[in-house]
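The structure appears right after this line, and notes come after that.
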Protein chains: 2
Amino acid sequence: MSSDGTGRRPTIYSVADRAQVSIATVSRVLRRPDEVRPATRDRVLQVVDELGYVPDGAARSLAVKSHEAHGLVLPELGGPYYADLLTGYEQGAADGGASVVVLLTDGKADVDLLVRRLAGRVDGIVLMGAVQVAPTTVAAIRRKLPVLGLANSHEESVESFVTENVHSAEELTRHLVEVHGRRRLRFVGSPDIADDVHDRYAGFVAAHQAAGLEAAPPVPATFREEDGPRVAALLLEGELEADALVCANDELALSVMRHLSAGGVSVPDQVSVTGWDDGMAARYVTPGLTTVSQPVRELGRQVAVRMRALLEDPTSVPEQHLLPTTLVVRQSCGCP
Amino acid sequence: MSSDGTGRRPTIYSVADRAQVSIATVSRVLRRPDEVRPATRDRVLQVVDELGYVPDGAARSLAVKSHEAHGLVLPELGGPYYADLLTGYEQGAADGGASVVVLLTDGKADVDLLVRRLAGRVDGIVLMGAVQVAPTTVAAIRRKLPVLGLANSHEESVESFVTENVHSAEELTRHLVEVHGRRRLRFVGSPDIADDVHDRYAGFVAAHQAAGLEAAPPVPATFREEDGPRVAALLLEGELEADALVCANDELALSVMRHLSAGGVSVPDQVSVTGWDDGMAARYVTPGLTTVSQPVRELGRQVAVRMRALLEDPTSVPEQHLLPTTLVVRQSCGCP
DNA sequence: CAGGACAAAGTAAGCGCTTACGAGCGATGG
DNA sequence: CCATCGCTCGTAAGCGCTTACTTTGTCCTG
């Protein structure tokens with residue numbers, strides 16, 4: 001076995017052979033260098049270099065019973081939200097020496113299968129609330145590894161991180177009502193599409209109640225830009241009466257705003273429009289988009305850190321984490 | 001060994017025991033179901049379900065000598081560019097049953113080490129041109145697995161995908177010169193920061209030569225929004241004379257544009273500003289940002305597909321791939 | 001009813017690495 | 001001068017899975 005390095009991919013055996021040591025020593029040189037005599041170490045290192053040896057991660061994982069990787073399951077990567085989340089998470093994971101495997105579910109048929117498979121390649125999985133996974137799947141993988149939820153405020157059984165939605169939506173709505181005297185507000189977004197949206201609408205409703213107003217039903221829409229024209233059209237054609245549109249996120253808000261302006265409706269003079277997420281575009285449009293900022297990157301990082309803790313001590317008590325948001329007032333609500 | 005499933009994580013042994021079959025049969029049930037009698041199959045599947053068994057990916061990888069994963073090394077995930085790229089890549093990889101492990105290098109100290117480690121966990125690696133990796137590292141990992149370059153037009157030795165930069169930059173510049181009569185154009189961005197930028201500047205210069213003009217040296221700047229204010233200030237304070245700013249990407253352009261306006265300089269009346277990437281914000285700002293659109297998601301997908309081909313047939317001839325870009329003319333250049 | 005063909009399932013040999021354990025050996029101290 | 005200690009390093013036993021090969025059992029066929 002084990003040629004002197006002529007073989008395609010060098011293994012720990014090739015290195016050992018060529019350096020005249022046992023594979024144990026090669027392993028030691030790489031993992032606990034100070035347990036081997038400098039002379040030996042150098043010799044081994046040189047061979048490692050010559051051969052371009054890179055230890056096989058799978059073999060290592062198998063031996064140490066740890067994948068040194070986390071799985072992150074997101075619906076997609078559009079908009080700044082998920083990208084920031086991933087950025088934060090990757091940092092947090094990398095700080096602990098783990099890589100992250102991303103699984104984007106949008107447009108994929110057998111999400112449950114994919115998630116299960118993923119569960120076999122990582123030490124822990126973070127599941128975004130917006131991805132549709134069968135409860136039985138979640139239950140199954142939880143038996144194998146820690147699972148953390150994200151923005152899934154209504155799945156109590158899984159430890160999760162959510163950003164505050166209800167109160168910020170309430171604050172935003174109140175701002176429109178009290179400061180700008182809006183009375184015919186509509187919420188744009190489908191509450192059943194994600195827990196996030198559900199909670200934002202709940203805050204919208206709560207603010208109405210507090211002000212003695214009645215909240216109109218939500219105008220259904222996805223998170224995507226594509227839905228903007230349709231919503232704008234409803235209003236332009238008079239099918240929707242509103243002096244304020246509270247949109248589920250920035251993409252939607254920007255798109256609506258643009259098509260409203262194009263249709264001759266002035267924002268914010270005739271209609272206030274607000275978003276959610278505070279992405280880059282929100283700062284650059286005119287009028288500036290009033291929106292809610294979430295510490296997304298930080299959120300990602302915290303989730304990763306928590307996951308690491310969970311992996312070290314699986315008995316640690318589950319907790320629900322709530323992260324604060326900030327209302328960012330610009331001009332699209334009517335403020336100067 | 002192998003309890004009947006009481007142990008923490010069920011393995012193929014626990015399943016086999018409980019279903020009264022050998023581990024080979026369990027494996028078959030999972031990988032080649034039709035090679036086992038339905039009755040047996042069902043019995044095994046039921047146990048799999050009961051125990052919540054998920055095969056260990058590392059063990060499988062070791063046995064089949066394939067990680068069924070690709071590595072994607074990016075500097076960061078800011079802006080739409082990398083996120084789209086990743087989205088496309090993940091799709092392409094998933095179509096081939098592979099997951100993708102992302103490595104974000106910005107802010108990380110030992111990138112070379114991380115890349116090497118990554119090389120041990122995946123079947124192939126895609127390296128963004130903008131990440132700083134030592135040539136020796138690249139050489140080392142290339143001996144172990146296929147490496148594909150991205151937007152690294154000047155690293156000839158590695159098979160790579162680049163989007164067209166020179167001609168589009170030339171076209172963009174010509175547009176400013178011929179259509180809008182600009183004469184004092186400046187390129188904003190550091191050509192040495194990435195091959196992309198280098199080529200865009202080259203196109204900028206080429207257009208000047210073709211028009212019998214002399215191209216001014218570039219105004220150094222990174223890809224980030226943060227550099228905008230400084231650049232705008234140069235112009236506002238008269239240290240920079242220009243009637244057109246060709247920026248290396250959208251973030252930079254948007255930021256510059258905004259700070260220029262804030263400083264009382266009218267865009268595009270006094271100064272044209274252009275970007276690169278055609279992100280969401282480019283469509284929503286006023287004036288609309290004239291920029292260059294790249295088929296980024298498609299690019300990502302193609303790279304993934306190529307990687308899969310390379311993995312199947314490592315002898316396939318390396319080729320350089322060039323993807324087209326499109327000039328997107330909006331108002332920031334001076335067009336109505 | 002013997003013999004062969006074929007389907008189903010078991011046996012066992014790895015895949016490449018980590019690490020507990022122990023052997024060898026020069027240094028140390030009583 | 002010999003028992004001990006401590007440092008280095010080799011031996012070998014897995015880690016959990018896949019799969020070539022073999023065995024066993026069934027069902028035809030002539």
Side-chain angles (χ1 to χ4, degrees), chain A residues 1-3 5 7-44 48 51-68 117 119-123 144-145, chain B residues 1-3 5 7-45 47-48 51-68 117 119-123 144-145:
Chain A
M1 186 149 316
S2 60
S3 70
R8 195 66 203 84
R9 276 82 196 278
T11 71
I12 199 173
Y13 291 98
S14 352
V15 176
D17 270 17
R18 211 159 202 277
Q20 317 250 52
V21 296
S22 75
I23 60 168
T25 298
V26 176
S27 182
R28 273 187 214 107
V29 167
L30 264 23
R31 306 290 162 197
R32 297 120 67 121
D34 34 56
E35 285 183 19
V36 13
R37 188 154 43 97
T40 319
R41 189 196 309 157
D42 293 347
R43 185 152 38 92
V44 171
V48 165
L51 263 43
Y53 169 65
V54 179
D56 184 290
R60 161 159 236 270
S61 292
L62 185 55
V64 303
K65 294 175 192 295
S66 155
H67 295 281
E68 294 167 334
R117 244 207 249 308
R121 336 185 81 276
V122 299
D123 302 319
K144 189 175 195 318
L145 41 66
Chain B
M1 190 147 311
S2 63
S3 70
R8 196 64 203 87
R9 274 86 195 274
T11 71
I12 199 173
Y13 291 98
S14 352
V15 177
D17 271 17
R18 212 160 201 274
Q20 316 250 52
V21 296
S22 74
I23 60 169
T25 298
V26 176
S27 181
R28 272 186 215 106
V29 167
L30 264 23
R31 306 288 163 198
R32 298 122 67 122
D34 34 56
E35 285 183 20
V36 11
R37 188 152 45 98
T40 320
R41 188 197 309 158
D42 293 347
R43 185 152 37 92
V44 171
L45 284 178
V47 175
V48 164
L51 263 43
Y53 168 65
V54 179
D56 184 291
R60 160 159 237 271
S61 292
L62 186 55
V64 302
K65 294 176 189 295
S66 154
H67 295 281
E68 293 168 334
R117 244 207 249 305
R121 336 185 83 274
V122 299
D123 301 320
K144 190 175 192 320
L145 41 67

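Note that the structure is a prediction, hence the values are computed from the model and not measured. Naming: A, B, ... by sequence-line order, numbering from 1 per chain. All values below come from the heavy atoms of this structure, side chains included, with hydrogens, waters and symmetry mates left out.
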Looking at every strand, decide which applies to [X] at a 4.0 Å heavy-atom threshold: base, sugar-phosphate, or nothing.
X     : value
B:S27 : base
A:S61 : nothing
B:R32 : sugar-phosphate
B:R28 : base

Handout entry: Close side-chain approach of B:I12 to B:Y53, heavy-atom, < 4.5 Å
Key =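 Yes; the side chains approach each other to less than 4.5 Å.
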Exercise for the section: Could you tell me whether the side chain of A:R121 reaches within less than 4.5 Å of the side chain of B:S61, counting heavy atoms only? Expected result: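 In short, these two side chains touch, coming nearer than 4.5 Å.
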[X] side chain, from C-beta outward: closest of [options]:
X     : options                : answer
B:A24 : D:dG16, D:dT11, C:dT11 : C:dT11
A:V21 : D:dG10, D:dG16, C:dT18 : D:dG10
B:R37 : C:dC17, C:dA8, D:dG16  : C:dA8
A:A59 : C:dG16, D:dT18, D:dG16 : C:dG16
B:V36 : C:dA9, D:dG16, C:dG16  : C:dA9
A:L62 : C:dG16, C:dG10, D:dC17 : C:dG16

Practice task
Check whether any side-chain N or O of B:T25 sits under 4.0 Å from OP1 or OP2 of C:dG10, and answer yes or no.
Solution key: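 Yes, because at least one side-chain N or O of B:T25 sits under 4.0 Å from OP1 or OP2 of C:dG10.
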Practice task
Report yes if at least one side-chain N or O of A:S22 is closer than 4.0 Å to OP1 or OP2 of D:dG10; otherwise report no.
Solution key: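 Yes, because at least one side-chain N or O of A:S22 sits under 4.0 Å from OP1 or OP2 of D:dG10.
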Exercise for the section: Without swapping roles, check the side chain of B:R41 against the backbone of B:P33 for a donor-acceptor pair under 3.5 Å. Expected result: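 Between the backbone of B:P33 and the side chain of B:R41 there is a qualifying donor-acceptor contact (under 3.5 Å).
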Practice task
Return yes if some donor-acceptor pair links the side-chain N/O of A:D123 with the main-chain N/O of A:H67 below 3.5 Å, else return no.
Solution key: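 Yes, A:D123 side chain to A:H67 backbone: donor-acceptor pair under 3.5 Å.
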Problem - Shortest non-hydrogen contact from A:L145 toward A:A119 - result: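 Shortest heavy-atom separation between A:L145 and A:A119 comes out as CD2-O, 3.2 Å.
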I need the [atom1]-[atom2] distance between [X] and [N], as an integer number of Å.
X      : N      : atom1 : atom2 : answer
A:I23  : D:dT8  : CD1   : P     : 20 Å
B:E35  : D:dT19 : CD    : P     : 10 Å
B:R31  : D:dA20 : CZ    : C1'   : 18 Å
A:K144 : D:dC17 : NZ    : C1'   : 12 Å
B:R9   : D:dC17 : CZ    : C1'   : 17 Å
B:D56  : D:dG14 : CG    : P     : 18 Å
B:Q20  : C:dG10 : CD    : C1'   : 14 Å
B:L30  : D:dT18 : CG    : C1'   : 12 Å

Practice task
Find the distance between CZ (A:R9) and NZ (B:K144) and round it off to the nearest 0.5 Å.
Solution key: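 Result: 6.0 Å between the selected atoms.
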Handout entry: Polar pair under 3.5 Å, donor/acceptor by atom type, side chain A:Y13, base C:dC17
Key =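 Yes.
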